2 protein chains.
Amino acid sequence: MDSIVHILKQNNLSVTEGRRKILSLFLNSNGALAHADIEKNTDGHFDRVTVYRTLQSFVDKGIIHTIPTSDNSIKYALCKNDCWEGHHHDHHVHLVCTRCGNTLCLDDVVTPTVKLPREYTIQQVEVVVKGVCKSCNHL
Amino acid sequence: MDSIVHILKQNNLSVTEGRRKILSLFLNSNGALAHADIEKNTDGHFDRVTVYRTLQSFVDKGIIHTIPTSDNSIKYALCKNDCWEGHHHDHHVHLVCTRCGNTLCLDDVVTPTVKLPREYTIQQVEVVVKGVCKSCNHL
DNA sequence: AAATATTTGCAACAACGTTTCTTTTTTTAT
DNA sequence: ATAAAAAAAGAAACGTTGTTGCAAATATTT
């Protein structure tokens, strides 16, 4: 069976054209995608609202995760670890390339441990590195 | 001389009522502020546009810095280190409290070093911790 | 293949942010 | 202290981003 369909079924999502297409965009992209990227790559084929709802349901199901940014643009990327409904485990570092603008998940780079004064409780650590990505460095 | 006026002059900003008031909000707040927070605390006394422009000019001058979030809401906080025009140096960890919702600069917690494969270049590391802040933990 | 459940698209709305232009305020120079 | 010049504020209009309610269309279940 098509792996895209498989992922959707596995997550109890009915298989629709929009979900298939949007999920395939993530599977074929090596970086993170924003809502606008998806609109661009589907050429207005789906309603804005549908795209928002699809992204939200993918996040809810643990198929994709959000990446924090400083510029009011939520980016989404595939979860490659063991995420499931209501339980994300994306303990990797994110890189925002200042040359090409892409946002990448560095799946092999584990988020460093942060030590806070004991009055604080840590629940989750997000690390976003601004820098230059592999391909831009090779230019 | 009033320290607020001093900061503005030092940064070549003319001293206006709006800038004085907004800067004082930052000086009197222990956490980060979003545009909406400022509107709320000035009670519509200043035009929305003025607030946006003031925040932008403060960022440009290195008086405040932005904090990345996962929810499309830019937060701003005072720069306490040596930031100046076009040159931010906020190497501290940010905490988003999941109880009170506040975002705090943990000025004493230096961002950990991150080691990337040598194909990448690091320019800046942003660390945002989700957890519980001091005061919420003491409740 | 029909019944049911889910999703989509549309319309309207609200929040967020930007741009242009005129008026007001601040700063500078006299 | 005052007039001229420079900068900022306010107002209106616009564009983008994201949400909600509802009717029509599409998937899923039986």
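Values in this document were obtained by computation on a predicted structure and should not be read as measured data.
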Please report, rounded to the nearest Å, how far the P atom of D:dA7 is from the CG atom of B:N11. 16 Å
To the nearest Å, how far apart are B:L8 CG and D:dA9 P? 11 Å
Within the structure, does a side-chain N or O atom of A:N72 lie under 4.0 Å from either OP1 or OP2 of D:dT17? no
What about the rings of B:H94 and B:H65, do their centers lie closer together than 6.0 Å? yes
Exam field: side chain A:K61 to backbone A:N11, donor-acceptor pair closer than 3.5 Å: yes
Whole Å only: how far is the OH atom of A:Y52 from the P atom of D:dT20? 13 Å
Distance, rounded to the nearest Å, where A:D47 contributes CG and D:dT17 contributes P: 15 Å
Have a look at B:F26 and tell me which of B:I7, B:I63, B:L33 forms a side chain to side chain contact (heavy atoms under 4.5 Å, CB included) with it. B:L33
Distance-only donor-acceptor test (3.5 Å): side chain A:R53, base D:dG18: no
What do you reckon, are the aromatic ring centroids of A:H35 and A:Y52 less than 6.0 Å apart? yes
Indicate whether any N or O donor in one side chain lies under 3.5 Å from an N or O acceptor in the other, for A:T111 and A:E126. no
Check every nucleotide of DNA chain C for an atom under 4.0 Å from a heavy-atom of chain A, then give the first and the last such nucleotide from 5' to 3'. C:dT6 to C:dG17
For B:Q56 and D:dA7, give me the distance from atom CD to atom C1', rounded to whole Å. 17 Å
Identify, between B:L13 and A:S14, the residue whose nearest nucleotide on DNA chain C lies closer to the 5' end. A:S14
Ignoring hydrogens, what is the shortest heavy-atom contact between A:C133 and A:C97? Give both atom names and the distance. N-SG, 3.4 Å
Write down the distance between NE2 (A:H35) and P (D:dG18), rounded to a whole number of angstrom. 7 Å
B:S73 and A:N72: side-chain donor and acceptor closer than 3.5 Å? no
Rounded to whole Å, how long is the line connecting atom CG of A:D71 with atom C1' of D:dT16? 14 Å
Position toward the 5' end of DNA chain D (nearest nucleotide), B:H45 or B:R48: B:H45
Looking at D:dA13, D:dT20, D:dA7, which one has an atom nearest to any side-chain atom of A:V49? D:dT20
Look at the side-chain N and O atoms of B:T16 and state whether any lies under 4.0 Å from the OP1 or OP2 oxygen of D:dA9. yes
Have a look at A:R19 and say if it touches a base, only the backbone sugar-phosphate, or nothing, with a 4.0 Å heavy-atom cut-off. sugar-phosphate
Here the distance between atom P of D:dT16 and atom CD1 of A:I74, to the nearest Å, is 18 Å
